[in-house]
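When a ligand or atom number is given, it counts from 1 through the structure's own listing order. The basis for the numbers below is simple: all heavy atoms, side chains too, and nothing from hydrogens, waters or symmetry mates.
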Amino acid sequence: MAGSENQTFCLQEVLDGFKLCLSPDKEVYMEHYVSGWRGLIKFLNSLGSVFGFITRDVVSKVQILVGLMNGANSSQYVTVQSMVQYELQNQQVDLTMTGVHPQSGCRTLLRLHRALRWLELFLERLRISTEDGKTSVMCSEAYNESLAQHHPWMVRKLAGMAFLVLPGRPAFFDIMNVGPPEQVVAMLGEAVPLISEVYQITEELYAKHNLLDLP
Ligand SMILES: CCCCCCCCCCCCC/C=C/[C@@H](O)[C@H](COP(=O)(O)O)NC(=O)CCCCCCCCCCCCCCC
């Protein structure tokens, strides 16, 4: 039950979500994709109100996907592949401009998918960083290389301001709830390739169907 879930962030939970994401034939299970994101929402919550505008956006996108996964056509929303096939075949996606399906699964997941690339780039920087590494710099470099190109000026400015108040590397590692820094680094070494594979598979699927620029 949502209300009784543990609200403390743990990197292991995110790792587990993305680990379970891929089926034997490399389809992406939506249930586990969303559960990885639920873990990340806990992390965002622990960062406080400055990050509230980001948290609210992620929460609302996860809610849209969960609504589809539990809705009348739930059997079509088991994997990202089945969702894409179903929504395209049934004209459930606004392909060129926002119209009757502003909250399609495809466009909603695309936003999280782009953010997953940010996460991959950020976590890799964190993994190879030294003790005095600046999380705000790692975060904004990863952002500029990924999500920023999809955001208007105002969102980029707000994001840039939020990055400045990020906790430093030691506090960041503590919030991850993994153990000493060596264990955090080891877990990041496991998490980054997993996230990267899920990202690549989704990216290829969206590219194949010309869905990478959905409005
Ligand atoms: C570590 C601190 C968190 C830094 C987050 C970096 C990303 C900054 C993103 C700024 C997003 C601003 C909010 C609004 C965005 C929307 O306009 C925009 C477009 O949506 P629309 O087409 O429906 O309008 N939405 C998006 O692009 C989705 C943004 C999703 C952001 C996800 C951020 C995930 C943060 C996870 C933190 C995990 C840290 C690592 C833990 C081990």
Using non-hydrogen atoms of the residue, decide whether [X] is closer than 4.0 angstrom to ligand 1.
X	result
Ile41	no
Met176	yes
Leu158	no

Is the centre of the Tyr199 ring less than 6.0 Å from the centre of the His113 ring?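 Tyr199 vs His113: aromatic centres under 6.0 Å.
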Looking at the rings of Phe51 and Phe43, which for Trp means the six-membered one, are their centres under 6.0 Å apart?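 Between Phe43 and Phe51, which both carry aromatic rings, the centre distance is not below 6.0 Å.
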Heavy-atom closest pair, residues Val93 and Cys106: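 What the structure gives for the nearest pair is CG2-SG, 4.0 Å.
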Indicate the atoms forming the closest heavy-atom contact of Phe9 with Asn177, along with that distance.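 Between these two residues, the closest heavy atoms are O-ND2, 2.8 Å.
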Under a 4.0 angstrom heavy-atom cut-off, which atoms of ligand 1 come close to [X]?
X	answer
Leu166	1 (C), 2 (C)
Lys61	20 (O), 21 (P), 23 (O)
Leu11	42 (C)
Val58	30 (C), 31 (C), 32 (C)
Phe43	37 (C), 38 (C), 39 (C), 41 (C)
Leu47	2 (C)
Phe53	12 (C), 13 (C)

Which heavy atom of the protein is the closest neighbour of [atom], given with residue, atom name and distance?
atom	value
atom 17 (O) of ligand 1	Val155 CG2, 4.3 Å
atom 33 (C) of ligand 1	Ile54 CG2, 3.9 Å
atom 38 (C) of ligand 1	Leu40 CD2, 3.5 Å
atom 7 (C) of ligand 1	Leu147 CD1, 3.8 Å
atom 27 (O) of ligand 1	His151 NE2, 2.7 Å
atom 28 (C) of ligand 1	Asp57 OD2, 3.3 Å
atom 35 (C) of ligand 1	Trp118 CZ3, 3.6 Å

Do the side-chain N and O atoms of [X] and [Y] include a donor-acceptor pair separated by under 3.5 angstrom?
X	Y	answer
Gln149	Tyr143	no
Ser146	Arg114	no
Ser82	Gln76	no

Do [Y] and [X] meet the salt-bridge criterion of a basic N to acidic O distance under 4.0 Å?
X	Y	value
Glu197	Lys26	yes
Lys19	Glu190	yes
Glu131	Arg169	no

Under 3.5 Å, N or O to N or O, is [X] touching ligand 1 that way?
X	result
Arg107	yes
Trp37	no
Arg111	yes

Does only the side chain of [X] get under 4.0 Å from ligand 1, or the backbone, or both, or neither? Count heavy atoms.
X	result
Leu112	neither
Leu44	side chain
Leu123	side chain

Quick one: sort the Trp118 and Phe122 rings into parallel, tilted or perpendicular, breaks at 30° and 60°.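 Parallel: the ring planes of Trp118 and Phe122 meet at under 30°.
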Which residue from Ala142, Ala159, Ala115, Ser46 reaches closest to atom 30 (C) of ligand 1 through any of its heavy atoms?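 The residue whose heavy atom sits nearest atom 30 (C) of ligand 1 is Ala115.
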So, for atom 21 (P) of ligand 1, does the protein have a heavy atom nearer than 4.0 Å?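 Under 4.0 Å from atom 21 (P) of ligand 1, at least one protein heavy atom found.
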What's the separation between atom CG in Leu40 and atom CD1 in Ile54, rounded to the nearest 0.5 Å?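 Interatomic distance, Leu40 CG to Ile54 CD1, rounded to 0.5 Å: 12.5 Å.
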Would you give the length of the straight line joining atom CD of Gln103 to atom CD1 of Ile64, rounded to the nearest 0.5 angstrom?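 Here the interatomic distance stands at 3.5 Å.
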CD (Gln12) with more than 12 external heavy atoms under 6.0 Å: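 Yes, because the 6.0 Å sphere around CD of Gln12 holds more than 12 heavy atoms from other groups.
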Take atom CD of Glu203 as the centre, draw a 6.0 Å sphere, and report whether it contains more than 12 heavy atoms from other residues, nucleotides or ligands.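 Atom CD in Glu203 is crowded, with more than 12 foreign heavy atoms closer than 6.0 Å.
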